[in-house]
Amino acid sequence: MATMVQESGTTPYDGPDVAPDGPDVTPDGQALREPDIRRHELAGFLRSRRERIMPEQVGLPRGIRRRTPGLRREEVAQLSAVGVTWYTWLEQARPIQVSAQVLDALSRALLLDRSERAHLFALAGAVDPAPGTPCATITPAVRSMLERLEPFPACVQNSRYDILAYNRTYALMMRDMDALAPEDRNCIWLAFTDAQWQASLMNPRETKRTLVARFRSDMAEHLAEPPWKALLARLRNASPEFREIWERHEVIGNTTRSKRFVNARVGTLNVVHTNLWLGPTAGSRLVSYVPEDEETRARLEKLLTLKTLEARKPAAL
């Protein structure tokens with residue numbers, strides 16, 4: 001078992017205090033400089049991501065006297081191979097330099113998705129040496145779960161409805177997912193902008209309304225985060241229908257319920273939609289679609305066969 005360093009041994013932060021109402025001013029009303037603001041934003045971002053991860057998600061023991069939500073600072077330091085004091089200074093917004101290699105290690109330790117990783121490097125003012133790095137949430141164990149669920153369609157989504165990974169049946173359930181650019185693999189984006197995805201929805205109007213209501217509900221905890229604001233802006237610019245539904249201010253939570261899709265290759269699919277959260281808080285989740293009847297099961301098996309045969313075809317020259 002790894003030895004943990006006591007957090008109380010770190011040096012307290014002696015930099016500028018931040019006013020309770022935000023990171024842009026000090027308690028005496030003086031404006032912080034841009035580098036100070038970015039450091040405080042980086043500190044808050046690291047804390048929020050550390051607190052959402054449980055030890056079990058990264059292979060660490062929980063212990064019996066854990067009062068900290070999520071990981072402890074020393075655990076993040078251990079996973080990132082950096083000093084505990086140095087990492088603590090990062091969360092205290094101290095004026096220290098952070099290399100791209102350390103940011104990469106922190107990104108992996110905190111299981112950041114692509115958007116969160118890009119945000120981390122932007123806050124640190126560093127260039128990401130590997131911007132296409134696969135999402136750390138998609139571990140080999142998660143990929144194995146996706147494969148074992150076949151022929152049932154399944155995917156992993158984050159709370160913004162980005163589709164991070166999927167199995168072969170899901171790859172053809174609504175449309176050819178492999179043909180999409182990674183930045184377009186988002187359920188809300190596809191529901192409002194992709195004709196093939198829309199054609200697969202039995203009740204597109206109600207589906208869109210539900211998606212927007214859930215997105216608004218989830219966004220309440222991420223209002224200041226650039227990836228969320230960027231997705232909202234992209235949707236508002238691309239779809240007048242999205243803007244109209246968004247302005248209704250409807251909210252709804254996640255539910256498990258039956259769904260019907262119209263697949264262009266095998267016909268109607270009647271399935272039960274279920275979310276399996278990959279952590280203790282609302283973050284990434286494994287979404288599965290279990291057939292409600294034998295006819296749907298047979299059609300899903302056929303869909304998997306079609307995808308398997310398609311993968312065996314030689315690539316076009």
Side-chain angles (χ1 to χ4, degrees), residues 21-24 37-38 40-53 69-70 107 110-123 135-138 155-165 180-194 197-198 201 204-257 259 273-287:
D21 57 349
D24 296 341
I37 295 174
R38 293 168 72 90
H40 283 286
E41 288 288 340
L42 175 60
F45 182 68
L46 289 172
R47 281 194 300 272
S48 70
R49 293 307 175 265
R50 171 172 61 83
E51 291 172 354
R52 74 176 183 178
I53 301 172
S107 174
L110 295 172
L111 306 180
L112 303 186
D113 62 31
R114 282 192 176 95
S115 296
E116 292 169 334
R117 178 186 173 98
H119 184 48
L120 174 69
F121 275 82
L123 289 177
C135 176
T137 301
I138 312 303
C155 68
V156 176
Q157 298 176 15
N158 61 17
S159 53
R160 291 189 306 278
Y161 294 88
D162 295 327
I163 302 166
L164 307 177
L180 292 170
E183 60 269 22
D184 291 337
R185 294 174 188 164
N186 177 279
C187 294
I188 310 174
W189 175 257
L190 292 170
F192 284 93
T193 66
D194 188 85
W197 188 280
Q198 293 168 352
L201 303 176
R205 182 66 178 176
E206 181 61 25
T207 298
K208 293 175 184 178
R209 175 174 170 267
T210 300
L211 276 172
V212 175
R214 288 178 179 168
F215 180 55
R216 178 179 280 282
S217 178
D218 293 338
M219 192 171 179
E221 298 181 7
H222 307 275
L223 293 174
E225 297 181 22
W228 288 78
K229 294 191 291 185
L231 176 58
L232 177 59
R234 189 184 187 204
L235 287 164
R236 290 174 65 93
N237 291 334
S239 173
E241 184 182 10
F242 174 86
R243 291 198 301 271
E244 185 269 322
I245 299 175
W246 180 259
E247 293 305 323
R248 297 180 188 176
H249 292 265
E250 296 176 334
V251 295
I252 188 174
N254 286 297
T255 57
T256 299
R257 62 189 183 89
K259 289 192 174 184
H273 167 276
T274 303
N275 290 317
L276 174 63
W277 301 100
L278 300 181
T281 57
S284 296
R285 60 190 180 275
L286 190 150
V287 183

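Just so we're clear, the structure is a prediction, and the values are computed from it rather than from any experiment.
Residues passing the side chain to side chain contact (heavy atoms under 4.5 Å, CB included) test with A43, sequence neighbours excluded: R47, A93. Under the side chain to side chain contact (heavy atoms under 4.5 Å, CB included) criterion, R49 pairs with F45, R52, L110, L112, E116, H222, E225, sequence neighbours left out. For the side chain to side chain donor-acceptor pair (under 3.5 Å) test, residues two or more places apart in sequence or in another chain that qualify with E250 are R209. Qualifying side chain to side chain donor-acceptor pair (under 3.5 Å) partners for R160, counting only residues two or more places apart in sequence or in other chains: D113, S115, D162. In this view, A238 and W189, T193 satisfy the side chain to side chain contact (heavy atoms under 4.5 Å, CB included) rule, not counting sequence neighbours. E247 meets the side chain to side chain donor-acceptor pair (under 3.5 Å) test with R236; sequence neighbours excluded. Checked against ring-ring contact (aromatic ring centres under 6.0 Å, His included), F192 has the following partners two or more places apart in sequence or in another chain: F242. Here R243 pairs with nothing under the side chain to side chain donor-acceptor pair (under 3.5 Å) rule; sequence neighbours left out. Evaluation of the side chain to side chain contact (heavy atoms under 4.5 Å, CB included) rule for A220 yields no partner, not counting sequence neighbours.
Separating the CG atom in L111 from the CZ atom in R117 is a distance of 12.5 Å, to the nearest 0.5 Å. One finds the CG atom of L286 at 7.5 Å from the SG atom of C155 (value rounded to the nearest 0.5 Å). Within the model, atoms CZ of R114 and OG of S107 stand 11.0 Å from one another, a figure rounded to the nearest 0.5 Å. Here the straight-line distance linking atom CD1 of I37 with atom CG of L123 works out to 12.0 Å at 0.5 Å rounding. With rounding to the nearest 0.5 Å, the separation of CG in N186 from CG in D194 is 11.5 Å.
Using modelled atom types, no side-chain atom of S217 and backbone atom of A213 make a donor-acceptor pair closer than 3.5 Å. Q157 places no side-chain N or O within donor-acceptor distance of the main-chain N or O of I163, the cut-off being under 3.5 Å. Distance alone, capped at 3.5 Å, places no donor-acceptor pair between the D184 side chain and the L180 backbone.
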### Query
For T274 and R257, what are the C-alpha separation, side-chain angles and deciding distance, and is it a side chain to side chain contact (heavy atoms under 4.5 Å, CB included)?
CA-CA 7 Å; T274 303; R257 62 189 183 89; over 6 Å; no
### Query
Step by step, would you call E241 with R205 a salt bridge (Lys or Arg N to Asp or Glu O under 4.0 Å)?
CA-CA 10 Å; E241 184 182 10; R205 182 66 178 176; 2.9 Å; yes
### Query
Run the side chain to side chain contact (heavy atoms under 4.5 Å, CB included) check on W197 and C187 step by step: do they pass?
CA-CA 9 Å; W197 188 280; C187 294; 4.2 Å; yes
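Between W228 and S159, the closest side-chain pair of non-hydrogen atoms falls below 4.5 Å. Contact check for L276 versus R285: no side-chain heavy atoms found under the 4.5 Å cut-off. Side-chain contact check for W246 versus L232: some heavy-atom pair is nearer than 4.5 Å.
Scanning all heavy atoms of the two residues, the minimum distance from Q198 to A191 falls at NE2-O, 3.0 Å.
For the residue pair R216 and H249, a side-chain donor N or O sits within less than 3.5 Å of a side-chain acceptor on the partner.
Exactly one of I188, L190, L231 qualifies for a side chain to side chain contact (heavy atoms under 4.5 Å, CB included) with Y161. That residue is I188.
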